[in-house]
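Along the sequence shown, the residues carry numbers beginning at 1.
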Amino acid sequence: MEGLREHIIRVTEQEFSQKEFSDFMGHFQLLKVPKNHALVAEGALCKYLFLIQSGILHSFVTDEKGMVHTIQFGFEKHWISDIQSFQHQTPARFNISTLEDSEILQIQHEPFENLLKRTPVVERFFRKIIESAYSREQQRIVSTFKDDATTRYLELLQQQPDLFQRIPQYLIASYLGIKPQSLSRIRQQLQHR
């Protein structure tokens, strides 16, 4: 976990003592969760913010036809939650489940809020990572409207080269907003270039 402390210092550009870090980590609970385990269900309260130690988490919505629409993949060292549900204590808008056996750290809403109030470096850290996540999501929205599926695929492959070894193709297609057959076609066309 020392890597996390160094990461917080790097992101915030502020000192974060070992004592403060130990207090911070004392509010988290470690869970070992099997593959395909639901952590958050649409319509239920999202009680936790998760930090992925190992494995992959998947956030998604399911439409009225039963189609899965992927919002996000969370990998090692990523934070994931239904942030609106977690922050405002309202029903979750989407689901979060594991795609691999995973180890995650989770923190409940009240201890999280208390940490933010009493530890400025923690508040700054989460503000910075939320700003960064918001910026990435805006870029993804713009890309969805402006770029074709091949461009979006190539960008995803550049950002996450091991994605196809760890995540089923139909979920990657869902994330890109295309059908699995379209993703297969794109991959075949790129192989023949």
Side-chain angles (χ1 to χ4, degrees), residues 1-62 68-137 160 162-163 166-168 171 175:
M1 294 306 336
E2 189 61 25
L4 176 59
R5 179 174 170 260
E6 296 306 316
H7 178 64
I8 292 169
I9 291 169
R10 201 169 35 258
V11 167
T12 61
E13 300 175 345
Q14 294 180 337
E15 186 52 45
F16 192 39
S17 72
Q18 188 61 51
K19 182 180 182 302
E20 288 173 315
F21 181 69
S22 295
D23 177 57
F24 172 74
M25 292 307 299
H27 291 84
F28 287 84
Q29 175 187 12
L30 178 64
L31 294 178
K32 294 184 179 190
V33 188
K35 180 179 180 177
N36 298 323
H37 180 80
L39 294 167
V40 176
E42 187 177 347
L45 182 65
C46 178
K47 298 178 182 178
Y48 301 98
L49 175 64
F50 304 104
L51 172 58
I52 305 164
Q53 297 297 293
S54 65
I56 302 175
L57 273 59
H58 173 230
S59 65
F60 63 96
V61 294
T62 306
V68 170
H69 301 278
T70 298
I71 297 167
Q72 176 185 8
F73 298 114
F75 296 90
E76 290 82 2
K77 299 181 180 151
H78 285 179
W79 297 87
I80 191 168
S81 186
D82 180 321
I83 207 69
Q84 181 173 332
S85 175
F86 179 73
Q87 284 296 103
H88 301 288
Q89 297 292 278
T90 56
R93 297 166 299 152
F94 52 83
N95 307 284
I96 300 175
S97 66
T98 56
L99 293 177
E100 296 178 345
D101 291 346
S102 301
E103 286 190 12
I104 56 175
L105 291 169
Q106 66 179 21
I107 186 169
Q108 290 183 315
H109 179 261
E110 189 175 329
F112 177 75
E113 287 297 321
N114 289 336
L115 274 171
L116 295 180
K117 287 176 187 169
R118 74 171 187 266
T119 315
V121 70
V122 172
E123 190 278 333
R124 180 175 170 84
F125 173 69
F126 281 102
R127 180 177 58 80
K128 291 280 205 179
I129 64 169
I130 288 170
E131 287 172 354
S132 177
Y134 185 65
S135 176
R136 281 191 311 273
E137 285 307 306
Q160 295 286 342
D162 66 338
L163 197 70
R166 298 180 71 187
I167 296 177
L171 291 179
Y175 180 80

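Nearest heavy-atom pair, Ile96 versus Ser59, reported as atom, atom and distance to 0.1 Å: CG1-CB, 3.9 Å. For the pair Arg118 and Asp23, the tightest heavy-atom approach, listed with the atom from each and the gap, is NH2-OD2, 2.9 Å. Of all the heavy atoms in Ala44 and Ser85, the pair that sits closest is O-OG, 4.1 Å. Minimum heavy-atom separation, Pro111 to His27: CB-CD2, 3.7 Å. When all heavy atoms of Leu171 and Thr70 are compared, the closest pair comes out as O-OG1, 3.5 Å. Shown here for Val40 and Cys46, the closest heavy-atom pair between the two residues is CG2-SG, 3.8 Å.
Ring geometry for His109 against Phe86 counts as perpendicular: the plane angle is over 60°, on a 0 to 90° scale with 30° as the lower cut. Between His78 and Phe75, the angle of the ring planes goes over 60°, which puts this pair in the perpendicular group of the 30/60° scheme. Relative orientation of the Tyr175 and Phe73 rings is tilted, given thresholds of 30° and 60° on the angle between their planes.
With a 6.0 Å radius and a threshold of 12 heavy atoms from other residues, nucleotides or ligands, Glu110 has its CD atom at or below the threshold.
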key: CA sep, side-chain torsions, deciding dist, call: Val121, Glu15, side-chain contact (heavy atoms from CB on, under 4.5 Å)   = CA-CA 8 Å; Val121 70; Glu15 186 52 45; over 6 Å; no
task = Applying side-chain contact (heavy atoms from CB on, under 4.5 Å), run through Phe60 and His69 and close with a yes or a no.
result = CA-CA 5 Å; Phe60 63 96; His69 301 278; 6.0 Å; no
task = Could you give me the CA-CA distance, side-chain angles and deciding distance for Leu57 and Val33, then say whether side-chain contact (heavy atoms from CB on, under 4.5 Å) is met?
result = CA-CA 10 Å; Leu57 273 59; Val33 188; over 6 Å; no
task = Using the side-chain contact (heavy atoms from CB on, under 4.5 Å) rule, take Met25 and Leu105 through it: C-alpha gap first, then chi angles, then the decisive distance, then the call.
result = CA-CA 9 Å; Met25 292 307 299; Leu105 291 169; 3.5 Å; yes
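Separating the CD atom in Gln72 from the CG atom in Asp82 is a distance of 10.5 Å, to the nearest 0.5 Å. If you take CD1 on Ile71 and NE2 on His58, they are separated by 8.5 Å, rounding to the nearest 0.5 Å. Going from atom CD of Gln106 over to atom CG of Leu51 covers 11.5 Å, rounded to the nearest 0.5 Å. Once rounded to the nearest 0.5 Å, the distance linking CG of Leu49 with CD1 of Ile83 reads 5.5 Å. For the atom pair Thr12 OG1 and Ile8 CD1, the distance stands at 7.5 Å (nearest 0.5 Å).
In summary, the aromatic rings of Phe16 and Phe125 are positioned with their centroids too far apart to meet the 6.0 Å limit.
A salt bridge between Glu100 and Lys35 is absent, with no side-chain N of the basic residue lying under 4.0 Å from a carboxylate O of the acidic one. Remark: Lys117 does not engage Glu113 in a salt bridge, criterion side-chain N to carboxylate O under 4.0 Å.
In this structure, Val61 and Arg93 have side chains that are not in contact, with every pair of non-hydrogen atoms separated by 4.5 Å or more.
A donor-acceptor contact shorter than 3.5 Å is absent between the side chain of Ser135 and the backbone of Glu131. Ser102 places no side-chain N or O within donor-acceptor distance of the main-chain N or O of Ile104, the cut-off being under 3.5 Å. The backbone N or O of Asn36 sits less than 3.5 Å from a side-chain atom of Thr98, completing a donor-acceptor pair.
No option in Phe50, Phe112, Phe126 other than Phe126 meets the ring-ring contact (aromatic ring centres under 6.0 Å, His included) test with Trp79.
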